[in-house]
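Written out below as structure tokens is the structure these notes cover.
We count residues from 1, following the sequence as given. Remember, it's a predicted structure, so these values are computed and weren't measured experimentally.
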Amino acid sequence: TKTFIHKMWTPSSSKSTTRHSMSPSSSPSLSGLSSLSSSSGWTANTTSTARRTLMYGSMLLPHLLINPVFKTSCDASPPPLPPPPAEGSEKSSSSSSSSSPPPPPPSADSIETAAVNASSVPNPGPYEQASMEMKRLLALDAHDGFRVDINKQLSPYMLVVHSFWLGTGMLPEGRNKSYSFVTQVADESGGLMMARVDPERGSVEGRRGGLAMGKLQVSVSAGGGEASSNDSLMGEVDVGAGTWTANLKYGSMGGGIVMGCNYFQSITPNLSMGGEGLYLAANQSLLSNYAVKYTMAAKTGDDLADANLPSLPNETTGSSTFFANYNSAQNVFSLAYRRLVTPPSRVQMGAELQCSPVTLESQVTLGAEFKLERSKVSVCVDGGGKIQTVVEAKLAKQQGSPTMNFSGELDHWNNVMRFGYGINIEG
């Protein structure tokens with residue numbers, strides 16, 4: 001624009017003797033042009049040319065102010081690129097980025113530390129319950145007459161039981177009926193109190209558990225003479241750790257002091273051993289017995305094709321249990337076997353062999369238990385030909401429904417036959 005205006009201000013006639021130039025910062029006006037023409041002697045042609053120049057400039061100036069065009073050119077060369085990293089530094093950076101920081105050391109109460117320190121050998125449980133699974137299969141609760149058990153849950157911590165047994169010949173002292181009242185009270189700390197009253201015998205039994213792993217049992221009979229000789233007072237303390245349990249007992253029974261203890265230890269996850277000793281001051285006798293229990297996993301009908309079995313049985317696999325016991329007071333050695341055929345505890349079979357090393361007398365017993373959807377059938381047969389059967393059936397599918405039971409016992413060798421039935425009502 002400056003160039004255009006400058007050219008328009010320069011006289012085009014070669015006859016003009018004087019040439020004027022304007023600075024870019026100056027802004028020409030008509031009054032200024034008239035003064036210049038009067039002072040410097042400009043011609044009319046020069047004046048008309050200047051007027052046209054002002055007119056064209058005034059027309060182009062608003063357009064340039066509204067739509068300015070700015071162009072910037074840079075002749076300098078671009079800056080150089082940074083140098084590539086060295087091979088050693090690239091490897092170190094990649095290794096440092098790929099490697100994670102080391103984990104913090106585990107705390108003393110972390111789960112990892114507890115899992116490492118935990119032993120794979122389980123607790124064997126109380127010594128008195130070591131053979132409970134076999135006894136349930138081989139010593140059935142067969143009875144005669146009519147039995148009724150009514151269980152009533154009075155509160156979440158209290159339970160009462162009424163038991164009737166009518167028309168039986170299995171009670172001592174020639175009695176043919178029996179009634180007992182049992183109540184149990186528990187607390188939130190795990191304590192348990194139980195009491196049993198038998199009006200027919202005139203006896204009261206009490207048991208207190210949960211006192212620092214201790215138990216206190218009291219049995220008192222009404223009347224004197226022989227009845228009072230059955231009074232007993234027994235205190236027990238249960239102790240144990242991760243792989244063993246023990247029991248200490250002290251009290252009075254039969255008019256004399258009773259002291260005893262037992263110990264049960266897990267040797268391996270499958271093998272456990274223990275023993276028990278009891279001293280009766282009334283007849284100066286010492287009773288002892290020893291036990292060995294071995295449990296292993298076994299195949300069932302569902303996993304016969306599987307050659308790999310876990311070392312320990314679980315809820316989805318079968319199991320085989322061997323239990324050996326020796327009673328030194330009676331000189332009787334027994335060997336029992338239990339087989340879980342269909343887990344979980346739907347089909348079980350067991351066998352027991354008892355023999356006396358002194359008299360060489362022996363007795364064998366076979367038993368089986370079958371659990372159905374709403375019923376259970378138990379059968380037991382011994383070497384003398386005695387057959388015992390117990391059938392239990394629930395009357396409905398709801399929880400707490402009454403249960404009917406039928407039992408029978410046939411002893412062909414001794415010509416003894418017993419049949420009974422009963423009902424168990426839960427409230």
Side-chain angles (χ1 to χ4, degrees), residues 124-143 170-173 205 215 217 219 226 229-236 238 244-265 267 271-295 321-338 349-367 378 380-388 409 411-414 416 418:
Y127 181 83
E128 295 86 354
Q129 301 179 6
S131 60
M132 193 67 66
E133 300 173 347
M134 290 76 173
K135 291 181 179 179
R136 188 165 54 87
L137 292 175
L138 304 172
L140 302 182
D141 186 16
H143 63 88
M170 302 177 63
L171 294 176
E173 303 174 358
E205 297 180 5
K215 293 174 288 184
Q217 184 174 356
S219 177
E226 296 181 359
S229 63
N230 296 327
D231 297 345
S232 64
L233 173 63
M234 185 71 65
E236 300 181 20
D238 296 328
W244 61 273
T245 57
N247 173 269
L248 302 175
K249 60 185 63 177
Y250 180 84
S252 174
M253 180 183 298
I257 297 176
V258 177
M259 296 182 295
C261 64
N262 60 58
Y263 180 81
F264 206 33
Q265 172 71 57
I267 309 301
L271 179 63
S272 56
M273 304 173 63
E276 181 180 19
L278 186 65
Y279 174 74
L280 301 177
N283 53 7
Q284 301 282 324
S285 61
L286 178 62
L287 309 178
S288 63
N289 59 77
Y290 313 93
V292 177
K293 185 177 181 180
Y294 183 80
T295 304
T321 304
F322 298 88
F323 183 80
N325 177 264
Y326 177 71
N327 193 329
S328 61
Q330 301 177 1
N331 290 323
V332 175
F333 175 79
S334 63
L335 177 63
Y337 172 74
R338 171 183 171 267
M349 295 185 177
E352 183 182 19
L353 174 63
Q354 294 183 355
C355 64
S356 176
V358 179
T359 62
L360 299 180
E361 295 179 357
S362 62
Q363 178 74 24
V364 63
T365 306
L366 304 177
S378 302
C380 179
V381 182
D382 64 5
K386 183 174 67 174
I387 303 175
Q388 292 179 332
E409 179 179 337
D411 191 350
H412 297 281
W413 188 265
N414 298 320
V416 176
R418 297 189 179 99

Got a sec, which residues hit salt bridge (charged side-chain N to carboxylate O under 4.0 Å, His left out) with Asp141, two or more places apart in sequence or on another chain?
Arg147
Side-chain (Ser328) to main-chain (Ser288) donor-acceptor, under 3.5 angstrom:
yes
Measuring from atom OG of Ser252 to atom CG of Leu233, what distance do you get when rounded to the nearest 0.5 angstrom?
7.0 Å
Does Leu287, at its CG atom, have more than 12 non-hydrogen atoms belonging to other residues, nucleotides or ligands within less than 6.0 Å?
yes
Between Thr245 (side chain) and Gly125 (backbone), is there a donor-acceptor pair under 3.5 Å?
yes
Heavy atoms of Ala336 and Met134 approach each other most closely as CB-CG, 3.7 Å
Name all residues meeting the side-chain hydrogen bond (donor to acceptor under 3.5 Å, both in side chains) criterion together with Ser362; count only those two or more places apart in sequence or in a different chain, and write none if there are none.
none
Side chains of Asn331 and Tyr326: does their closest heavy-atom pair fall under 4.5 Å?
yes
If you measure from CZ on Arg338 to CE on Met132, what distance do you get to the nearest 0.5 Å?
13.0 Å
Please report the closest heavy-atom contact between Ser131 and Phe323, naming both atoms and the distance.
CB-CE2, 3.5 Å
Just checking, is any N or O donor in the side chain of Asp238 or Asn247 under 3.5 Å from an acceptor N or O on the other one?
yes
At their closest point, which heavy atom of Pro124 faces which heavy atom of Ser272, and how far apart are they?
CB-CB, 4.1 Å
Where Ser334 and Gln354 come nearest, the two heavy atoms and their spacing
CB-CG, 3.8 Å
Can you confirm whether Met273 sits close enough to Phe264 that some side-chain heavy atom of one is under 4.5 Å from a side-chain heavy atom of the other?
no
Report yes or no: does Asp411 contribute a side-chain atom to a donor-acceptor pair with the main-chain N or O of Gly385 at less than 3.5 Å?
no
Between Leu353 and Phe333, is there a side-chain heavy-atom distance shorter than 4.5 Å?
no
List the atom of Leu278, the atom of Val258, and the distance in Å for their closest heavy-atom pair.
CD1-CG1, 3.5 Å
With a 4.5 Å limit on heavy-atom distance, are the side chains of Asn289 and Tyr127 in contact?
yes
Nearest heavy-atom neighbours spanning Met170 and Ala142:
CE-O, 3.7 Å
